[in-house]
Amino acid sequence: MLQLEVIREEKARIVAALRKRNWNNTQLKAIDQIIALDDRRRSGQKELDDTRAEMNRMAKSIGQLMGQGKKEEAEQQKKAVAALKDQEKGLEENMAAIKHDLDQLLYSVPNAPHKSVPKGKTPEDNKVFKAWNKTFPTLPADAAPHWELAKKYNLFDLELGVKLTGAGFPVYRGQGARLQRALIQFFLDEAVKAGYEEIMPPHLVNEDSARATGQLPDKEGQMYHCTVDDLYLIPTAEVPVTNILRDEIVAEKDLPIKMTAYTPCFRREAGSYGAHVRGLNRVHQFDKVEIVRVEHPDNSYKALMGMVSHVSKLMAKLELPYRILLLCGGDMGFASAKTFDFEVWSAAQQRWLEVSSVSNFETFQTNRMKLRFRDGNGKIELAHTLNGSALALARIVAALLENNQTPEGIQIPKALWKYTGFKMIK
RNA sequence: GGAGGAGUGCCAGAGUGGUUUAAUGGAGCGGUCUUGAAAACCGUCGUACUGAAAGGUACCGGGAGUUCGAAUCUCUCCUCCUCCGCCA
């Protein structure tokens, strides 16, 4: 969430930034409400503290009187404290209500887009940051979409997934399963080579973790929730990995902290059905290697470009046509200050598929999770967090299968040979 | 799952109702000494809210309660340890 002090001190900038997310005047009233509530919180805190200070003084004096055996006087003072106690209780309730309202408002405000983020309302308004200026693959006359190729070569089975679980849970098998494992290992190896520490986190997280990275309360319905144990299946490795540093104060010299993890990702994707979600285009469970960075605020935008460059290299090594979009204010995720999306060209479907999203969250997550660092002067500051998919598998697989199909079989890019153990799916 | 024990600061560890303002030791940081280092000695050493500052307030696993006053007593939840059961 946004920092209160930033909202107070840089209100004009925040308001302008939220307009980029197409916030109207009615929505923007939340900002003034936040400031008004914070004023009430401050004065209420002072009043409560003063009352408690007085109670503490009297308690101490009662203790002394008892010690001196002055029971009468002590009893009198006890009666005087009773009135203060009622007052304290009232003030506490008042403060709890104010804090509750303030939190609700703060949780409802998305991150302020960076000044370089373009205006816009829909995905059509995203800016092409890097276009694909080479040729697209030429396919044979009988080119098939990936879900047909999957049947032909026995690579994955969605209907079998329905039997085992439900719609959107693919069962990978044979060379298809091997390709999954190869891609995961390739992505992890590349991330480790780039200096990221490999992490294997839990695939379920508690409510605190889900709130810290911004999944709760904003995307409650997106996650699978195990209600008996009150745990959430992770929608991305970002959640457990970033939370490793929750409530930590790290040394400035330890920045940046770079971590990578492979996990399956679970998303309910409620309400999305139809032709555009066929095959692996949108599924409830998919595999992804994520990269996460904790950065010094001065370096976070440089780091963002570093991550974009890392993902670009992966695309190049997989020999896939791709483009990079700079998301407009209207299309960005709730917690992000700036996001680049990677889209891969899916040749048989003749459409772009999103395969990576690389974002700088600035202090939006670290403010929620109290992830800070101590600078050279001993001052404690919020760090910046960033993350990106490097990469999400399901759609990469879709594109690989479609783009590389030949009458003889599906060609595997060279970079994967040592992981797959085969050069061609037959 | 059952029985018992335990959770205190960066770490170790004292404190079972009132000068506790959480002792003490270690680590860390600053300094003295030294060619440098070690040792010794001196100092410093939590976080948050509030306040211009001085200061005030809260926090001893989480939450609730008893009391004029709680790290300390009660309830509840969580975690860890020991034993038993089950188990890849």
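Every chain is numbered from 1 and lettered A, B, ... according to where its sequence line falls, protein lines coming before strand lines.
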Peer 1: Phosphate oxygens OP1/OP2 of B:U57: is one of them under 4.0 Å from a side-chain N or O of A:Arg52?
Peer 2: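 Answer no for this pair, as no side-chain N or O of A:Arg52 is under 4.0 Å from OP1 or OP2.
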Peer 1: Report yes if at least one side-chain N or O of A:Arg41 is closer than 4.0 Å to OP1 or OP2 of B:U50; otherwise report no.
Peer 2: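 Answer yes for this pair, as a side-chain N or O of A:Arg41 is under 4.0 Å from OP1 or OP2.
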Peer 1: When rounded to the nearest Å, what value does the distance between C1' atoms of B:G28 and B:G46 take?
Peer 2: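 Approximately 13 Å lies between the C1' atom of B:G28 and that of B:G46.
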Peer 1: Could you tell me how far apart A:Arg246 (CZ) and B:U47 (P) are, to the nearest whole angstrom?
Peer 2: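 Spelled out: CZ on A:Arg246 to P on B:U47 is 20 Å.
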Peer 1: Would you name the heavy atoms of A:Asn111 and A:Ser336 that are closest together and state the gap between them?
Peer 2: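 Distance-wise, the nearest heavy atoms are CB-O, 3.3 Å.
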Peer 1: If we take the C1' atom in both B:C49 and B:C86, what is their distance in whole Å?
Peer 2: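 Pairwise C1' distance, B:C49 against B:C86, rounds to 49 Å.
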Peer 1: In terms of ring plane angle, is the pair A:Phe364 and A:Phe334 parallel, tilted or perpendicular, where the classes change at 30° and 60°?
Peer 2: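 Perpendicular.
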Peer 1: May I ask you to decide if A:Thr213's main-chain N or O and A:Gln365's side chain share a donor-acceptor pair within less than 3.5 Å?
Peer 2: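 Judged by distance alone, yes, a pair lies under 3.5 Å.
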Peer 1: Take the protein atom CG of A:Asp229 and the nucleotide atom P of B:C78, then report the distance between them rounded to whole Å.
Peer 2: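 So the two atoms are 11 Å apart, to the nearest Å.
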Peer 1: Mind checking the C1' distance from B:A12 to B:C60? Whole angstroms is fine.
Peer 2: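 Nearest-Å result for B:A12 against B:C60 at atom C1': 16 Å.
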Peer 1: Categorize A:Leu84 for me: base, sugar-phosphate, or nothing, with a 4.0 angstrom heavy-atom threshold over every strand shown.
Peer 2: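 The answer is nothing, as A:Leu84 stays clear of every strand by at least 4.0 Å.
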Peer 1: If a protein heavy atom is under 4.0 Å from the base, mark B; if only from the sugar-phosphate, S; if neither, -; do that for nucleotides 65-72 of chain B going 5' to 3'.
Peer 2: --BBS---
Peer 1: Rounded to the nearest angstrom, tell me the gap between atom CD in A:Gln3 and atom P in B:C49.
Peer 2: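 To the nearest whole Å, that distance equals 11 Å.
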Peer 1: Can you tell me, in whole Å, how much space there is between the P of B:A38 and that of B:C33?
Peer 2: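 15 Å, rounded to whole Å.
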Peer 1: For B:G17, what is the paired nucleotide under Watson-Crick or G-U wobble rules, both distances under 3.5 Å?
Peer 2: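 B:G17 is unpaired by these criteria.
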Peer 1: Start at the 5' end of RNA chain B and walk down; is the nucleotide closest to A:Gln45 or to A:Gln64 reached first?
Peer 2: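 The answer here is A:Gln64.
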Peer 1: Find the partner of B:U82: check Watson-Crick (N1-N3 plus N6-O4 or O6-N4) and G-U wobble (N1-O2, O6-N3) distances, both under 3.5 Å, and reply none if neither fits.
Peer 2: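 Partner of B:U82: B:A3.
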Peer 1: Give me the distance, rounded to whole Å, that separates B:G18 from B:G13 when you measure between the P atoms they each carry.
Peer 2: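 Per the computed distance, 24 Å lies between those P atoms.
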Peer 1: For nucleotides B:A54 and B:U76, find the distance between their P atoms and express it as a whole number of Å.
Peer 2: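 Result for the P pair: 45 Å, nearest Å.
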Peer 1: Searching all strands shown, indicate the nucleotide that pairs with B:C33 (Watson-Crick or G-U wobble; both distances under 3.5 Å).
Peer 2: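 Check on B:C33: unpaired, no WC or wobble geometry under 3.5 Å.
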Peer 1: Picking from B:U47, B:A58, B:U50, which would you name as closest to the side chain of A:Ile249?
Peer 2: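 When the side chain of A:Ile249 is considered, B:U47 is the closest of B:U47, B:A58, B:U50.
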Peer 1: Which nucleotide, in any strand shown, forms a Watson-Crick or G-U wobble pair with B:A48, with both distances under 3.5 Å?
Peer 2: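 Pairing partner: B:U57.
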Peer 1: Figure out the CG/C1' separation between A:Asp247 and B:C59, and round it to whole Å.
Peer 2: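 Interatomic distance, CG of A:Asp247 to C1' of B:C59: 13 Å.
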Peer 1: For RNA chain B, whose closest nucleotide is more 5', that of A:Arg57 or that of A:Glu5?
Peer 2: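 In this pair, the answer is A:Glu5.
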Peer 1: Using whole Å, what does the distance between atom C1' of nucleotide B:C49 and atom CZ of A:Arg42 come to?
Peer 2: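 About 10 Å, once rounded to whole Å.
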Peer 1: Between A:Gln215 and A:Gln222, do the side chains contain a donor N or O and an acceptor N or O under 3.5 Å apart?
Peer 2: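 Judged by distance alone, the side chains do not pair up.
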Peer 1: For A:Asn206 and B:C77, give me the distance from atom CG to atom C1', rounded to whole Å.
Peer 2: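 Those two atoms, CG and C1', are 14 Å apart.
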Peer 1: I'd like to know if A:Lys313 and A:Glu190 make a salt bridge, using a cut-off of under 4.0 Å between side-chain N and carboxylate O.
Peer 2: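 Salt bridge between A:Lys313 and A:Glu190, a charged N being under 4.0 Å from a carboxylate O: no.
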Peer 1: Using atom C1' in both nucleotides, what's the gap between B:C80 and B:G56 to the nearest angstrom?
Peer 2: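 Result for the C1' pair: 37 Å, nearest Å.
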Peer 1: Mind checking whether A:Tyr301 and A:His384 have ring centres under 6.0 Å apart?
Peer 2: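 No - the distance between ring centres of A:Tyr301 and A:His384 does not fall below the 6.0 Å cut-off.
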Peer 1: Please evaluate residues A:Tyr262 and A:Phe187 with respect to the criterion ring pair (Phe, Tyr, Trp, His ring centres under 6.0 Å), reporting the C-alpha separation (whole Å), side-chain torsions for both, the decisive distance (0.1 Å), and the verdict.
Peer 2: CA-CA 9 Å; A:Tyr262 152 71; A:Phe187 292 145; over 10 Å; no
Peer 1: For atom P, what is the distance between B:U74 and B:G17, given to the nearest Å?
Peer 2: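 12 Å, rounded to whole Å.
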Peer 1: Does any donor atom in the side chain of A:His146 or A:Glu402 lie under 3.5 Å from an acceptor atom in the other side chain?
Peer 2: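 Result is yes, a qualifying pair exists.
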Peer 1: Rounded to whole angstroms, how far apart are CD on A:Glu88 and P on B:G56?
Peer 2: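 Going from CD in A:Glu88 over to P in B:G56 covers 17 Å.
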Peer 1: Nearest whole Å is fine: how far is B:C49 C1' from A:Glu47 CD?
Peer 2: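 Rounded to whole Å, this separation is 16 Å.
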Peer 1: Would A:Lys119 and A:Asp125 pass as an ion pair if we require N to O under 4.0 Å?
Peer 2: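 The answer is no: the pair does not qualify as a salt bridge.
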